[in-house]
There are 2 protein chains.
Amino acid sequence: MGKGEDTRNLILEAAVAQASEFGFESLTIGSLAERTGLSKSGLFAHFGSREELQVAAIEAAAARFTEMVFAPALKAPRGLPRIRALFDGWLDWTVRSGLGHGCPMQAAAIEFDDRPGAVRDAVVWHYERLERELARAVELAMGQGHLRPNLDVAQFVFDMLGVIFAYYHGSRLMKRDVSAARARAAFERLVAAATP
Amino acid sequence: MGKGEDTRNLILEAAVAQASEFGFESLTIGSLAERTGLSKSGLFAHFGSREELQVAAIEAAAARFTEMVFAPALKAPRGLPRIRALFDGWLDWTVRSGLGHGCPMQAAAIEFDDRPGAVRDAVVWHYERLERELARAVELAMGQGHLRPNLDVAQFVFDMLGVIFAYYHGSRLMKRDVSAARARAAFERLVAAATP
DNA sequence: GCATGGTACGAACGGTCGTTCTATTTGTCA
DNA sequence: TGACAAATAGAACGACCGTTCGTACCATGC
């Protein structure tokens with residue numbers, strides 16, 4: 001495909017980085033044009049509107065998450081090891097992605113949770129997919145006998161999300177180095193309560 | 001004090017409501033002027049800058065949280081009942097406050113976690129206070145014998161925050177009615193693991 | 001009843017916003 | 001290489017941004 005595709009990907013890379021630091025509301029045509037060295041109209045031509053640009057940035061962030069967290073976890077043996085790999089990868093995927101600032105998906109989730117529209121729909125869609133995949137990994141672990149068979153899967157996913165969110169809060173806002181250790185401790189207690 | 005104080009409070013009430021729905025980045029002089037029926041310059045005169053307005057809105061939101069969550073919980077007997085009161089009040093304080101949209105403090109936490117400045121400082125300050133008060137309540141419960149004496153207080157606070165954040169995620173973004181029940185179940189498991 | 005000072009208004013500033021046009025450059029393929 | 005399409009630039013638009021300034025209102029204390 002043409003060179004337009006490359007430019008588009010370059011723009012989205014810059015967009016995800018900027019959203020990680022300043023949120024999706026900061027994704028303006030002008031600031032992204034300056035960041036990428038394009039003209040406003042040249043950049044705009046790749047997307048029909050600002051909203052489409054934001055949606056594309058969500059998709060790009062989700063793709064990066066899949067690549068950085070899910071794909072590596074699939075290499076771990078199914079069951080508890082894979083769940084651990086998911087959790088570990090989830091904790092620092094933004095840093096390993098070179099984003100170095102907050103998780104863009106969570107930023108989008110907060111920014112758009114009360115704003116109906118295409119962006120919100122995209123965020124919800126990706127979180128549903130994420131939680132579904134997570135639930136599937138838990139069920140696999142139950143099938144392997146790593147987790148007890150009467151485990152409430154949705155509750156386990158809920159609890160695991162809580163640990164991640166508390167970690168983001170502690171590390172990104174409060175800048176506490178101890179947050180990673182706290183998150184791992186919480187996760188281990190969660191697993192211990194779910195083993196047969 | 002004069003009528004200026006009243007107007008200022010009216011502005012801040014509108015600001016907190018708007019931040020609950022659209023975030024603190026949406027707090028523009030123009031939109032708030034229209035919302036309150038004031039002129040732009042008339043509203044602006046109450047604050048030296050937009051940033052000061054945002055800080056004042058943070059303070060107002062924090063004051064509302066104290067009034068709606070902490071103050072009622074202090075009426076509960078110290079120990080576990082008070083912690084339960086804090087948790088219950090925390091879950092739906094925005095609804096009882098007439099905000100009806102997301103928790104403004106969490107929105108501010110995400111929006112400003114990577115943006116140094118007065119707003120971020122205010123957010124961090126209030127979360128530190130909140131977690132300190134929470135830790136004090138836990139210590140009181142340990143003193144009462146409701147929680148085991150070797151409990152890791154900071155870890156308990158971390159876990160409790162996680163439950164709250166997971167609840168906000170489930171109820172505000174994913175619009176799942178079951179989130180409150182999941183949050184209560186998670187909290188009860190947390191308490192059960194912390195009792196002597 | 002009148003001065004005084006806090007309170008609000010209206011107009012204007014330079015800048016940025018998203019978006020729309022029309023050119024112009026650039027890349028691709030016969 | 002030449003033709004044609006894709007990709008980018010440039011200028012302009014109306015709207016809104018935060019902020020400043022000069023002026024009017026209006027409540028209060030004498």
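Values in this document were obtained by computation on a predicted structure and should not be read as measured data. Residue numbers begin at 1 in each chain, while the letters A, B, ... track the order of the sequences.
Surrounding CZ of B:Arg148 are more than 12 heavy atoms belonging to other residues, nucleotides or ligands, all under 6.0 Å away. In this structure, B:Arg78 places its CZ atom where only 12 or fewer heavy-atom neighbours from other residues, nucleotides or ligands lie under 6.0 Å away. Within a 6.0 Å sphere centred on CG of B:Asp177, other residues, nucleotides and ligands contribute 12 heavy atoms or fewer. Atom CD of B:Glu34 is surrounded by 12 or fewer heavy atoms from other residues, nucleotides or ligands within 6.0 Å. Within 6.0 Å of NZ on B:Lys75 lie no more than 12 heavy atoms contributed by other residues, nucleotides or ligands.
What separates CD of A:Gln54 from C1' of C:dG18 is a distance of 11 Å, to the nearest Å. Separating the CD atom of A:Glu25 from the P atom of C:dC17 is a distance of 12 Å, rounded to the nearest angstrom. Across the protein-nucleic acid pair, B:Phe47 atom CZ and C:dT7 atom P stand 13 Å apart, rounded to whole Å. We find that CG of A:Leu43 is positioned 14 Å from P of D:dG10, with the value rounded to whole Å.
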What protein N or O atoms touch nucleotides 18-21 of chain D N or O atoms at under 3.5 angstrom, if any, and at what distances?
{"residue": "D:dG18", "atom": "OP1", "partner": "B:Arg50", "partner atom": "NE", "Å": "3.4"}
{"residue": "D:dG18", "atom": "OP2", "partner": "B:Ile29", "partner atom": "N", "Å": "2.9"}
{"residue": "D:dG18", "atom": "N7", "partner": "B:Lys40", "partner atom": "NZ", "Å": "3.2"}
{"residue": "D:dG18", "atom": "O6", "partner": "B:Lys40", "partner atom": "NZ", "Å": "3.3"}
{"residue": "D:dT19", "atom": "OP2", "partner": "B:Arg50", "partner atom": "N", "Å": "2.8"}

Using atom names, set out every protein N or O paired with an N or O of nucleotides 2-7 of chain D below 3.5 Å, distance rounded to 0.1 Å.
{"residue": "D:dA7", "atom": "OP1", "partner": "A:Gly4", "partner atom": "N", "Å": "3.2"}

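How far CZ of B:Phe24 is from CG of B:Leu53: 9.5 Å, rounded to the nearest 0.5 Å.
In terms of heavy-atom proximity, A:Val69 sits nearest to A:Gly89 at CG2-O, 3.7 Å.
Taking the six-membered ring where tryptophan is involved, the planes of A:Phe165 and B:His169 are tilted, since the angle between them lies from 30° to 60°.
Within the helix from C:dG1-D:dC30 to C:dA30-D:dT1, the inter-axis angle between the opening and closing five-pair segments is 10°, rounded to 10°.
Cation-pi contact between A:Arg115 and A:Phe112: present, with separation from the ring centre below 6.0 Å and deviation from the ring axis of at most 45°. The cationic atom of A:Arg84 (NZ for Lys, CZ for Arg) does not lie both less than 6.0 Å from the six-membered ring centre of A:Phe87 and within 45° of the ring axis.
Checked against the 6.0 Å centroid threshold, A:Trp90 and A:Tyr167 do not count as a close aromatic pair.
Base engagement by A:Ala45 is indicated by at least one non-hydrogen atom pair under 4.0 Å involving a base atom. Backbone-only engagement by B:Leu38 is indicated by non-hydrogen atom pairs under 4.0 Å involving sugar-phosphate atoms exclusively.
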